[in-house]
Amino acid sequence: MEILELFSKIGIYATMALVLVFALGVVALRNLFHCALCLAAVLIGTAMIYVALHAEFLAAVQILVYVGAVMTLVIFVIMLTEHLGGKTIRQTNRQSPAAIIGLSGIVVLLGTLLMKTPWPVTAKALDAKVSVMSLGKALMGTYAFPFEVISVILIACLIGAIVIAKKDVSEKGPS
Amino acid sequence: MIIPLQHILIFSLLLFATGLYGVLVRRNIIGILISIELMLNAANLNLIAFSKSTSLAPETGQIFAIFVIAIAATAAAVGLAIVLALYRVRKTVYTDEVNLLKW
Amino acid sequence: MSMPPFLRDIEFAVDLSLVNAKGWCLDLLGHFLPDWTVVLASIVISGVAILALGPLVMMYLTLLERKVIGRIQNRYGPNRVGKWGLLQPIADGIKMFTKEDIVPAQADKIVHFLAPVVIVVPALMVFLVVPFGERMTAVNLNIGLLYFIAVSSITTIPIFMGSWASRNKYSLLGGMRTAAQMISYEIPMTLSVVPVIMMSQSLSTNTIVMTQVGDLDLHWFIFTPWGLVGFLIYFLCAVAECNRPPFDLPEAESELVAGFHTEYSGMKFALFYMAEYMNAFTLCGIATTLFLGGWQGPFFPSWLWFFGKTFALICVMIWFRGTLPRFRVDQLMGFAWKFLLPLTLINIPVAALWFFVPERLAWLYSIAIFAVSFWGLVKLNCAFVPEKRIYPLAD
């Protein structure tokens, strides 16, 4: 059985490495459509890591909402604005070196911090299984108010997005 | 949990840094938006990892991650609607060409 | 239902024959090899079974479709290769393999290549949670239904990839239409299964089948008012999800050549085709699981019942194709957003009512509610037709 555990460990680390590669693709590729596809790969990879952390429900929600809905929206907008992206247009601004230096500083600092902090990892918590039912109970019980607020925000954003993206009526003259 | 907590945290840190790099460096607004999605994703991963391994109520992290996903979806919807409106008015999707309020 | 005990035994043995065969294989392996190989072998056996089943189902679905459509259109359909044309799918496969693979010069080569490969993956992955028979679910996930919905929603991305990478206006238009259609119909589809989840109090496909247990007094969900409405909505959405007529706008051949796979030929085209048919199969299989009692039924082995019900649903899909004309784009969108979505939203409280009110009264209530809401929705959806047509562009 230890060998199986080893296999799954290797699988998780390989997924992590792949996700990081795709994440680099998201920020570094020139073609925005490729970036969006890389982002979809990153999201699916993260969902796989969620499954490894026993958060299956969240993994499914992530794929359903992000990959199914948000990515489609992003790709639609990329297609609607796509013909701007010629080969000659710069895709990055001139902050790249500064950003790399600053970010590597942050990563080193936070990384050492993360490694040195004694996280209170308890064996009891590691064994705890979160069922969908307990999630639902928490969502409807303890977190009922934020849940309602989220739904209000969602409907407001829906209407807002439609109003913003709608074509102006005055624009549509006879042509 | 099969792999130690620290490794997941380091991984999500790297993911977050990559996303932040994209936000800082990209000129295209859509590129910035998808980099933000990357950052939110890294934050979610942290929430899950902590809720899995520390002695809080085990649902808490997942519930907050669900909220984050919902907010990210709305952010993407409104952000992309703004991009479309901008494209229609100014015929550009590059941040440094949108300088009407700059001097 | 009473039955002599020995018949029961035989039925049971036939029913579980496939499961037992797998068990024997694993036992045999366990004698010679260490424990972990047995676990691995169990995964491999299930995986191979699914990987073989998917293409097999697809091959014979194409034959079934051509035969049935042929009968509807008063002709024979394929009958030259093998008895009743049974070897026709294999001939088609050989043809597809040997065809030239054409990639447009301006195409985005990598994405163009990846799209048909990626589209097969979710189509095969959803087979994991389909309960083919008693104890014949590959993985009994506790979020099975949600997994199915989530994984099948990935399908839009490879379609986008294929349509965008082809650099062809028909492909792009077809891809845009597909995405819009799939996103729109996913919402009523997801909401139409909510009553089932409420009633069985589980997302696991196995548990959902088990809550519909009953010998001859049928407890299938379709025999309740909310189940019937839910099933009709789900099935219409399923037809739209796999882009079949009358919702085949994405590949409307009279408008768009072939939609998103216009620029694909040979094996790549076959992969798109395969994903489409496997999606049709799994969507019908899940409809069977959710509303038609899954693998339950008397006399015959459970997997036979499952496949029988699923193929009956697929035949209805083919029947749709043979009889109904194509929707217009605005009608398609309006149907999803203005008709199906409100109806699903009404369906959920009706199911909740069913939970609390005694059965007779609940039937009365729910029929009344559905009648009123159906009438109202039809009235609201009636297109406004002016008495005198105005043609602004003609002046």
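These numbers come from the heavy atoms of this one structure, side chains and all, not from hydrogens, waters or symmetry mates. Numbered from 1 within each chain, the chains take letters A, B, ... in sequence-line order.
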Just checking [X]: does its [atom1] atom have more than 12 heavy atoms from other residues, nucleotides or ligands closer to it than 6.0 angstrom?
| X | atom1 | value |
| --- | --- | --- |
| C/K109 | NZ | yes |
| C/L345 | CG | yes |
| C/Y170 | OH | no |
| A/F76 | CZ | yes |

Open item on the list: For C/A150 versus A/A60, what's the shortest heavy-atom pair and its separation?
Closed with: CB-O, 3.4 Å
Once rounded to the nearest 0.5 Å, what's the spacing between atom [atom1] of [X] and atom [atom2] of [Y]?
| X | Y | atom1 | atom2 | answer |
| --- | --- | --- | --- | --- |
| C/I154 | A/L43 | CD1 | CG | 10.5 Å |
| A/S131 | C/I143 | OG | CD1 | 12.0 Å |
| C/N142 | A/M133 | CG | CE | 11.0 Å |

TODO: Sort by residue number and list every member of residues 63-74 of chain A having a non-hydrogen atom under 4.5 Å from chain C.
DONE: A/I63, A/L64, A/V67, A/G68, A/A69, A/M71, A/T72
Open item on the list: Checking an interface table here. Which of residues 31-39 of chain A come within a heavy-atom distance under 4.5 Å of chain C?
Closed with: A/N31, A/F33, A/H34, A/L37
- [ ] Under 4.5 Å, counting heavy-atom pairs only, tell me which of C/I149, C/D108, C/T155 racks up the most with chain A.
- [x] C/D108
Open item on the list: According to ring-ring contact (aromatic ring centres under 6.0 Å, His included), who are the partners of A/Y13, at least two apart in sequence or on a separate chain?
Closed with: B/H7
TODO: Would you mind reporting whether A/M79 and C/F160 have side-chain heavy atoms less than 4.5 Å apart?
DONE: yes
Task: Part of residues 172-188 of chain C lying next to chain A, heavy-atom separation under 4.5 Å - done: C/L172, C/M176, C/A179, C/A180, C/I183, C/E186
